[in-house]
Engineer: 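One structure, pasted below without further comment.
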Amino acid sequence: MAKKKQLRLIAEMARKIRAYRELKSRPRESQKYALDYGTMKRPHTGKMLPVLAWQDVRRESRLFSLLAGMRLFGVGRLFTRKSWLEDHTEPSYWQITKVKVDYTSENMDHGKAWGILTLKGKQESEVKEVDKVMYHDWRLVPKHMEQQFKDFEPVPEPPVRYVPYPPLLRAMLLAKHKKATGAVLAEEPVLPLKRDVLLSKDYFRSQEQEAQRTEGTAV
């Protein structure tokens with residue numbers, strides 16, 4: 001008969017106490033992202049901000065610096081970023097739906113926010129957490145411009161264009177298809193000019209693994 005496992009109540013309680021103390025000692029957002037504007041260093045880590053960011057830090061605002069001074073912490077309002085205004089002609093913004101403020105921060109200018117993202121005029125369907133809230137490039141969309149942002153209609157994407165394969169690659173594709181199926185390819189192979197995948201190391205590694213599964217490892 002199997003021996004019953006004895007519960008080590010004291011050890012279990014000690015484990016929970018250690019986990020609780022570790023959670024309580026974890027730095028809050030207001031401590032982690034606090035910034036000394038004189039030296040441009042974060043006191044918690046001692047790291048200095050990049051020199052290229054100093055101008056934006058002095059002129060622009062963080063998201064919660066704007067939310068802290070607004071009614072209902074800006075729920076329902078639109079917020080954009082300076083980098084989006086400079087990089088995109090289409091409107092890109094967040095519509096805030098929920099805010100969780102860190103009330104332990106001095107000016108209640110830290111916390112988490114959730115909303116609906118519209119990037120380059122295309123609105124996402126799901127509510128998700130707003131990222132990069134500590135960046136100093138957030139701007140409030142004025143009330144009289146909100147409808148202009150919302151009424152924007154994105155330009156439809158142009159159709160994908162195709163070009164014929166180079167002669168040598170075309171001959172290789174036709175020979176491979178004939179060897180695999182025993183028949184001549186009915187349609188002329190064409191190469192799309194739109195790339196649907198990111199040609200990263202992970203992509204090529206997955207292609208090699210797929211080829212090894214189908215063809216086997218060379219001896």
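We number each residue from 1, following the sequence as shown.
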Engineer: Please report the C-alpha distance between Ile96 and Phe73 in whole Å, then the side-chain angles of each, then the deciding distance to 0.1 Å, and finally whether the side chain to side chain contact (heavy atoms under 4.5 Å, CB included) criterion is met.
Structural biologist: CA-CA 9 Å; Ile96 304 299; Phe73 288 100; over 6 Å; no
Engineer: Got Arg71 and Arg77 here, is their nearest side-chain heavy-atom distance under 4.5 Å?
Structural biologist: no
Engineer: Hydrophobic cluster membership, with links at side-chain heavy-atom distances under 4.5 Å among I/L/V/M/F/W/Y: are Leu72 and Phe79 in one?
Structural biologist: no
Engineer: Is there side-chain contact between Lys16 and Met13, with at least one heavy-atom pair below 4.5 Å?
Structural biologist: no
Engineer: Please determine whether residues Val190 and Leu185 belong to a single hydrophobic cluster, defined as Ile, Leu, Val, Met, Phe, Trp and Tyr linked transitively by side-chain heavy-atom distances below 4.5 Å.
Structural biologist: no
Engineer: Please determine whether side chain to side chain contact (heavy atoms under 4.5 Å, CB included) holds for the pair Arg59 and His136, giving the CA-CA distance in whole Å, both sets of side-chain angles, and the decisive distance to 0.1 Å.
Structural biologist: CA-CA 8 Å; Arg59 294 183 179 182; His136 289 76; over 6 Å; no
Engineer: Are Leu169 and Leu174 connected into the same hydrophobic cluster when the rule is that any two of I, L, V, M, F, W, Y join if their side-chain heavy atoms are below 4.5 Å apart?
Structural biologist: no
Engineer: For side chain to side chain contact (heavy atoms under 4.5 Å, CB included), just list the numbers for Lys128 and Trp94, CA-CA rounded to whole Å, side-chain angles, deciding distance to a tenth of an Å, and then say yes or no.
Structural biologist: CA-CA 10 Å; Lys128 61 181 183 180; Trp94 281 93; 3.8 Å; yes
Engineer: Looking only at heavy atoms, which two atoms of Pro43 and Asp36 are closest? And how far apart?
Structural biologist: CD-N, 4.2 Å
Engineer: Please check if the side chain of Trp138 supplies one atom and the backbone of Lys132 the other of a donor-acceptor pair under 3.5 Å.
Structural biologist: yes
Engineer: What I want to find out is whether Asp137 reaches Arg81 closely enough, with some N-O distance under 4.0 Å, to be called a salt bridge.
Structural biologist: yes
Engineer: Is there a side-chain contact between Lys150 and Tyr93 in this structure, where contact means two heavy atoms from C-beta onward sitting under 4.5 Å apart?
Structural biologist: yes
Engineer: Does Arg62 reach the main-chain N or O of Val133 with its side chain, forming a donor-acceptor pair under 3.5 Å?
Structural biologist: no
Engineer: Run Thr118 and Phe149 through side chain to side chain contact (heavy atoms under 4.5 Å, CB included) and show every step you take.
Structural biologist: CA-CA 10 Å; Thr118 300; Phe149 272 62; over 6 Å; no
Engineer: Hey, what do you get for CZ (Arg42) to NZ (Lys47), rounding to the nearest 0.5 Å?
Structural biologist: 10.5 Å
Engineer: Can you measure from NE2 (His88) to OG (Ser83) and round to the nearest 0.5 angstrom?
Structural biologist: 7.0 Å
Engineer: If you round to the nearest 0.5 Å, how far is CG of Asp87 from NZ of Lys82?
Structural biologist: 10.5 Å
Engineer: Is a side-chain donor-acceptor pair under 3.5 Å present for Asp102 with Ser105?
Structural biologist: no
Engineer: I need the Leu117 CG to Lys120 NZ distance, nearest 0.5 Å.
Structural biologist: 11.5 Å
Engineer: Are the side chains of Glu188 and Tyr165 in touch, meaning some heavy atoms are under 4.5 Å apart?
Structural biologist: no
Engineer: Do Arg58 and Trp54 make a side-chain contact, defined as non-hydrogen atoms from C-beta onward lying under 4.5 Å apart?
Structural biologist: yes
Engineer: Between Leu49 and Tyr37, is there a side-chain heavy-atom distance shorter than 4.5 Å?
Structural biologist: no
Engineer: Any donor-acceptor pair under 3.5 Å linking the side chain of Thr80 with the backbone of Ser92?
Structural biologist: yes
Engineer: Is it true that Glu12 and Arg15 have a side-chain N and a carboxylate O under 4.0 angstrom from each other?
Structural biologist: yes
Engineer: A side-chain contact here means heavy atoms from C-beta on lying under 4.5 Å apart; do Met40 and Val57 qualify?
Structural biologist: yes
